[in-house]
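Accompanying notes for the structure given below.
Everything quoted here is computed from the prediction, not taken from an experiment.
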Amino acid sequence: MKKLNILKINTNDKKGGAANVAYSIKAGLEKYGHTVNMFVKQKYSNDKNVFVIKQSSKTIGILSSLSKKILRKDIPSYLRNRIRSWIANDIDFFYSNYILKTKEFKKADIIHCHNLHGNYFNLKLLQKISKIKPIVWTLHDMWAITGHCAWAFTENWKKKCNKWQMGCKQCPNLIMYSALKWDSSGYLWNKKKNIYENSKLNIVVPSVWLKRKIEKSILKNQNIYLIYNGIDNSIFKKYDKLESIKKFNLPTNKKIITFLSNKGKCNIQKGWSYTKKIINHYKNNKNILFLCIGGKKEDEQFNSDNIKFISYIADKTLVAQYYSVSDIFLLTSLAENFPLVILEAMACGTPIVSFDVGGVKEAVIHKQNGYIAEYKNTDDLINGTEYIFKLNDDEI
């Protein structure tokens, strides 16, 4: 087998679903002897083959260093971020063309992109790269096909938006990530369309749900492949429940329902408001404990007899052990692609109760390895929790 040089590009290398997928693929390829470098906006690992993408020219970089030393603040970066916010543009004004001059790019046989949003990557660079190297672009949300948003919804997640199919304009949700100060969605959508029409891309989607959307979008003429994400079964597996309960100082006489979200209850996409309704429904039930994992350390002050807040956990083995003590993993997300958390939880022997969202049904089979509730229907979520609680141990 030919050993390849691969260059991966993503917002970061460790935090979030896309980062976990990107970095796991990197590690897997390296085990087979391939050389994998990674360019990121933010680096969290100590991996010597992960490099932070420059956000400015050499001259601006010197000014940044000087301002940090003298004023203890990166003035150029501060001004740049303020300006980008007001020009409402997350694809044009980034100093990323220098990537073409790096030795990592020049040696690469394949460029593998993941999340290109996050105010760090000039999207027109795709057009230039595709004329030099083959590009694989794994999509983790809808940003690539919309005017600006990672998930196409009207304001406050009231209903889904389909403007991305014909051309975004008069955006009904400017505050959706990536947020806009004013409505430039039409310009951004058309600019993306033009870039794609002049690029050759291999688009990878990890769910049938997203594949169907891409096939109706401005990427429909590119090569589109369905490749599901996977997990590391040496980490995500059943751990001894009693040992883990003792380790985490949890009660042995309660059913445990776990909710996990990066940024915890502040992440609107993850549907905390619906999780909160479930918690309130069981607030007088002393036999149930909710674990809410992934928020801020300050949230722990709100711990009570039936709810325990646990801040963000970077150690995947600890996360797997929390799954293993759980009787139910609750997914109340309002938007998802193919969430790794459901695979992780199921690998640890934990049944899922989830809204019918994104590609969840492609992994969770209703009343076989979990319960699929009607979208945004709190009563049906409760039906799901009750259904799981009534099962015998050998039926789970």
Exercise for the section: List the steps and the verdict of salt bridge (charged side-chain N to carboxylate O under 4.0 Å, His left out) for Lys191 and Asp92. Expected result: CA-CA 9 Å; Lys191 185 68 182 282; Asp92 282 332; 2.7 Å; yes

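- Between Asp90 and Trp143, the side chains place a donor N or O and an acceptor N or O closer than 3.5 Å (distance only, hydrogens not considered).
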Carefully, step by step, assess Leu29 and Lys3 under the rule side-chain contact (heavy atoms from CB on, under 4.5 Å). CA-CA 10 Å; Leu29 288 167; Lys3 304 302 181 184; over 6 Å; no

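- In the displayed structure, Asn249 atom CG is contacted under 6.0 Å by at most 12 heavy atoms of other residues, nucleotides or ligands.
- Within the 3.5 Å criterion, the main-chain N or O of Tyr196 finds a donor-acceptor partner in the side chain of Gln222.
- Counting only distance, with no hydrogens or angles, the side chain of Asn20 and the backbone of Leu340 share no donor-acceptor pair below 3.5 Å.
- Using the six-membered ring where Trp is involved, Phe309 and Trp272 have ring planes that are tilted, between 30° and 60° apart.
- The salt bridge (Lys or Arg N to Asp or Glu O under 4.0 Å) test applied to Lys193 returns Glu197, not counting sequence neighbours.
- Residues Ile278 and Val353 are not in side-chain contact: their nearest non-hydrogen atoms beyond the backbone lie 4.5 Å or more apart.
- Taking the side chain as every heavy atom from C-beta outward, Asn223 and Ile203 never approach each other to under 4.5 Å.
- Residues Ile372 and Ile352 have side chains not in contact (no heavy-atom distance under 4.5 Å, counting atoms from C-beta outward).
- In plain terms, the two heavy atoms of Pro134 and Asp109 that are nearest each other are CG-O, 3.2 Å.
- Using cut-offs of 30° and 60° on the angle between ring planes, the pair Tyr323 and Phe329 is perpendicular.
- Side-chain contact check for Thr275 and Thr332: at least one donor-acceptor pair (N or O, by modelled atom type) lies under 3.5 Å.
- In this structure, the side chain of Asp183 engages the main chain of Ser185 through a donor-acceptor pair within 3.5 Å.
- Taking the six-membered ring where tryptophan is involved, the planes of Tyr228 and Phe338 are tilted, since the angle between them lies from 30° to 60°.
- A 6.0 Å sphere centred on NZ of Lys124 holds no more than 12 heavy atoms belonging to other residues, nucleotides or ligands.
- By the 30° and 60° cut-offs, the orientation of the rings of Tyr282 relative to Phe389 is perpendicular.
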### Task
Could you give me the CA-CA distance, side-chain angles and deciding distance for Val360 and Leu331, then say whether side-chain contact (heavy atoms from CB on, under 4.5 Å) is met?
CA-CA 10 Å; Val360 169; Leu331 190 88; 3.7 Å; yes

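- The hydrophobic cluster containing Val341 does not contain Tyr312, counting ILVMFWY residues as joined when their side-chain heavy atoms lie under 4.5 angstrom apart, directly or transitively.
- Although no hydrogens or angles enter the test, the distance criterion places a donor-acceptor pair under 3.5 Å between the side chain of Lys133 and the main chain of Lys106.
- No single ILVMFWY cluster, assembled from side-chain heavy atoms under 4.5 Å apart, contains both Met38 and Phe121.
- Asn49 places none of its side-chain heavy atoms less than 4.5 Å from the side chain of Val36.
- No more than 12 heavy atoms of other residues, nucleotides or ligands shown are found within 6.0 angstrom of NZ on Lys48.
- The distance from atom SG of Cys171 to atom CH2 of Trp164, rounded to the nearest 0.5 Å, is 14.5 Å.
- Leu4 and Leu7 fall within a single hydrophobic cluster, where Ile, Leu, Val, Met, Phe, Trp and Tyr side chains are chained together by heavy-atom contacts under 4.5 Å.
- Remark: Cys168 SG to Leu188 CG distance equals 9.0 Å, nearest 0.5 Å.
- Here the side chain of Lys163 pairs a donor or acceptor atom with the backbone of Lys169 at under 3.5 angstrom.
- Relative orientation of the His112 and His114 rings is tilted, given thresholds of 30° and 60° on the angle between their planes.
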* Could you walk me through whether Ser273 and Lys376 pass the side-chain contact (heavy atoms from CB on, under 4.5 Å) check? -> CA-CA 10 Å; Ser273 61; Lys376 290 187 176 182; over 6 Å; no

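- The cationic atom of Lys54 (NZ for Lys, CZ for Arg) lies less than 6.0 Å from the six-membered ring centre of Tyr98 and within 45° of the ring axis.
- Applying the side chain to side chain donor-acceptor pair (under 3.5 Å) test to every pair with at least one member in residues 28-43, sequence neighbours left out, gives these pairs: Lys26-Glu30.
- Side chain of Ser96 to backbone of Asn122: a donor-acceptor contact under 3.5 angstrom is found.
- Between Lys241 and Asp327, some side-chain heavy-atom pair lies under the 4.5 Å cut-off.
- Checked against a 6.0 Å centroid threshold, the rings of Phe39 and Phe105 do not count as neighbours.
- A heavy-atom distance below 4.5 Å is found between the side chains of Val357 and Tyr375.
- Note on Lys254 versus Asp305: no salt bridge recorded, every NZ/NE/NH1/NH2 to OD/OE distance being 4.0 Å or above.
- Ile110 is not connected to Val40 by any chain of hydrophobic side-chain contacts under 4.5 Å among Ile, Leu, Val, Met, Phe, Trp and Tyr, and they are in different clusters.
- By the side chain to side chain contact (heavy atoms under 4.5 Å, CB included) test, Ala18 pairs with Asn10, Asn115, His140, sequence neighbours left out.
- In summary, the aromatic rings of Tyr177 and His148 are positioned with their centroids too far apart to meet the 6.0 Å limit.
- Between the side chain of Asn198 and the backbone N or O of Gln127 there is no donor-acceptor pair closer than 3.5 Å.
- Across Leu126, Leu219, Ile145, Leu123, a single residue satisfies side chain to side chain contact (heavy atoms under 4.5 Å, CB included) together with Lys192, and that is Leu123.
- For the pair Glu215 and Lys211, the salt-bridge criterion is met [side-chain N within less than 4.0 Å of a carboxylate O].
- In terms of modelled atom types and a separation under 3.5 Å, the side chain of Ser184 and the main chain of Tyr187 share no donor-acceptor contact.
- With hydrogens and angles ignored, the 3.5 Å screen pairs no side-chain donor or acceptor of Asp380 with any backbone N or O of Asn383.
- A heavy-atom distance below 4.5 Å is found between the side chains of His117 and Ser178.
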Report task. Report the C-alpha distance between Lys159 and Phe153 in whole Å, list the side-chain angles of each, state the deciding distance to 0.1 Å, and finish with yes or no for side-chain contact (heavy atoms from CB on, under 4.5 Å). Result -> CA-CA 6 Å; Lys159 68 177 184 176; Phe153 281 79; over 6 Å; no

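- Judged by distance alone, the side chains of Ser207 and Asn337 do bring a donor and an acceptor atom under 3.5 Å apart.
- For the pair Lys270 and Glu336, the salt-bridge criterion is met [side-chain N within less than 4.0 Å of a carboxylate O].
- Proximity of a side-chain donor or acceptor of Ser24 to a complementary backbone N or O of Val21 within less than 3.5 Å is not detected.
- Residues Asp13 and Ser45 bring a donor and an acceptor atom of their side chains to less than 3.5 Å of each other.
- Interatomic distance, Met176 CE to Cys149 SG, rounded to the nearest 0.5 Å: 6.0 Å.
- Within a 6.0 Å radius of CD1 in Ile268, no more than 12 heavy atoms belonging to other residues, nucleotides or ligands are found.
- Relative to the ring axis of Tyr239, Lys237 places its NZ or CZ within 45° and under 6.0 Å from the centre.
- Remark: the Asp47 side chain and the Tyr23 side chain contain an N/O donor-acceptor pair separated by less than 3.5 Å.
- By the criterion of side-chain heavy atoms lying less than 4.5 angstrom apart, applied directly or through intervening Ile, Leu, Val, Met, Phe, Trp or Tyr residues, Ile293 is grouped together with Tyr274 in one hydrophobic cluster.
- With a 4.5 Å cut-off on side-chain heavy atoms, Leu343 and Phe236 do not count as touching.
- Aromatic pair Phe248/Tyr322: ring centres closer than 6.0 Å.
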